[in-house]
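Note on naming: letters A, B, ... go to the chains in the order of the sequence lines (proteins, then strands), and numbering restarts at 1 for each one. The figures that follow rest on heavy atoms only: side chains count, while hydrogens, waters and symmetry mates do not.
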Protein chains: 2
Amino acid sequence: MNMVQILQTSPLFAGTKEDEIAQLLCCLEGRTSDFARDRAIIEEGDHTDELGIVLKGRVHITRHDFWGNRSLVTEVAVGGSFAEALACTTQASEVSVVAAEQSTILFLNIHKVITSCARGCIFHHTLIENMVRLLSQRNLDLLKKIDHLTKRSTRDKLLSYLNSESKRQQSRTFTIPFDRQQLADYLCVERSAMSTELSRMQADGLVEYQRREFTLHHEEY
Amino acid sequence: MNMVQILQTSPLFAGTKEDEIAQLLCCLEGRTSDFARDRAIIEEGDHTDELGIVLKGRVHITRHDFWGNRSLVTEVAVGGSFAEALACTTQASEVSVVAAEQSTILFLNIHKVITSCARGCIFHHTLIENMVRLLSQRNLDLLKKIDHLTKRSTRDKLLSYLNSESKRQQSRTFTIPFDRQQLADYLCVERSAMSTELSRMQADGLVEYQRREFTLHHEEY
DNA sequence: GCATATATGTTGTTTTTCCAACAGGGTACA
DNA sequence: TGTACCCTGTTGGAAAAACAACATATATGC
């Protein structure tokens, strides 16, 4: 897939045709950059006025506390974007963005995105509307994550996450994008305790799994 | 304070003058409505295309799980808004909005907010930009909340919350908007365990408190 | 003031999670 | 093929949180 095709799948450019995207990209003056696995794209404390769109690979939004505990806020796959909210404010970032694998990122200046360009490019209005929709969606996603974290027990956190993942992939059998440590970081629990709980859940017939492949057996909730 | 003055303090109308707001309100065709304490403004499963702005009182964004466990996502005070993200999508709400006390709410149709009006009202563009900023800020707020929930122990959750509240009110001594049960619901911990931990923290000299009044003694982090 | 209701704090017990250490399986690569 | 490394699962003991029950304090209404 070339850049324009990827961008067509991106929420920010939803509803724009190929040639319109090309035209827009001129106005937006984006830049692309490659990152090796584990390389930081944005570090905690940084500020930026660019949002990023993943053209290749995938990135993790992470935090580290004083004691080095890592927490994985979310993963962004190809076509997804990050730092939109950060770029809209003047604050320093409280999270870092790390390439989870070899990745290519397109950076767009936020002001160019949300301000109509001098040339009066007619697709710009769509872009702003998409921006509102994108932020709204990100908002609901974060609410979803809060929903998982709200659960008091490791089992309920796992069920909450696995259910949402099952729903997202529209199948009872699905593959998660995290290894065990990352999943634990995402759900903010301890890895080995989580493994133990997964075993118990499998013994209870709630779920079957093998590495990253899961099948949910219980009713939705 | 009259409505226009309150709206001037609202992020959505930031940077617009009194007479401009009056003009905008005509275009937006808002409606106001009163809610008694504990009355639901939006219920889980509802959809709406209106965002709400609190003119009087305050509202709580809450969730209930299967077993009736309540969790308090966030509080919105006078001038604050809610349901912006919900109104921008077609999804059903996963949270409910409840009046924490006798409240007056101004409802605005989201489409009228983010679509330029027929009359070509020049302040409309500011409104859209404010909408982007508002969503971004809400985004960062949710990230902040995730930050609290990420902490593994009750003590760390409390410190994380109290620090952010102290910072927000720009003073080591401050009043929190929650009673103990609400605070526990907000931090997703058990009330009595939280009380016990607060006592320990006071004994350790980290914090002094009496009901809703807190004074932090330790260094920031 | 008194009775009642509500909010907060305390204590002891049970359950869950955390932690550390290790074991087994898979994979990469010399 | 064998070795080293990483990922996953397991175990037992330590720590923390949840829970239940009660004690104390504060607020509310009569």
Spacing of A:Met201 atom CE relative to D:dT10 atom P, expressed in whole Å: 14 Å
Whole-Å gap separating P (C:dT16) and CG (A:Leu158): 15 Å
Residue pairs involving residues 179-189 of chain B (criterion salt bridge (charged side-chain N to carboxylate O under 4.0 Å, His left out); sequence neighbours excluded): B:Arg70-B:Asp185
Sugar-phosphate only, base, or nothing, as touched by B:Ser199 at under 4.0 Å among non-hydrogen atoms: sugar-phosphate
ring-ring contact (aromatic ring centres under 6.0 Å, His included) partners of A:Phe214, counting only residues at least two apart: A:Tyr209
Whether B:Thr175 side chain and B:Glu213 backbone form a donor-acceptor pair below 3.5 Å: no
A:Arg70 CZ - C:dC18 P separation (whole Å): 15 Å
Summary of ring pair (Phe, Tyr, Trp, His ring centres under 6.0 Å) pairs that have at least one residue in residues 181-200 of chain A, sequence neighbours excluded: A:Tyr161-A:Tyr186, A:Phe178-A:Tyr186
With sequence neighbours excluded, residues passing side-chain hydrogen bond (donor to acceptor under 3.5 Å, both in side chains) with B:Ser93: none
Distance, rounded to the nearest Å, where A:Phe178 contributes CZ and D:dC6 contributes P: 21 Å
Atom pair distance, as rounded to whole Å: CG in A:Leu198 and C1' in C:dT17: 15 Å
Residues A:Glu101, A:Arg37: salt bridge by 4.0 Å N-O rule: no
Spacing of A:Lys151 atom NZ relative to C:dT17 atom C1', expressed in whole Å: 18 Å
Pairs meeting criterion side-chain hydrogen bond (donor to acceptor under 3.5 Å, both in side chains) with involvement of residues 38-51 of chain A, two or more places apart: A:Arg31-A:Glu50
For atom CG of B:Asp185 and atom P of C:dA7, their distance in whole Å: 12 Å
Sugar-phosphate, base or nothing in reach of A:Tyr209, heavy atoms under 4.0 Å: sugar-phosphate
Contacts of B:Glu94 that satisfy salt bridge (charged side-chain N to carboxylate O under 4.0 Å, His left out) - sequence neighbours left out: A:Lys144, B:Arg63
Partners passing ring-ring contact (aromatic ring centres under 6.0 Å, His included) against A:Phe82 (at least two apart in sequence or in another chain): none
Summary of protein contacts for nucleotides 15-29 of chain D, nucleotide by nucleotide, where a base hit scores B, a sugar-phosphate-only hit scores S (4.0 Å, heavy atoms): --SSBB-----S---
Inter-end axis angle, the helix from C:dG1-D:dC30 to C:dA30-D:dT1, with every axis fitted to five base pairs (rounded, 10 degrees): 40°
Rounded distance in Å - CG (A:Asp38) to C1' (D:dC6): 14 Å
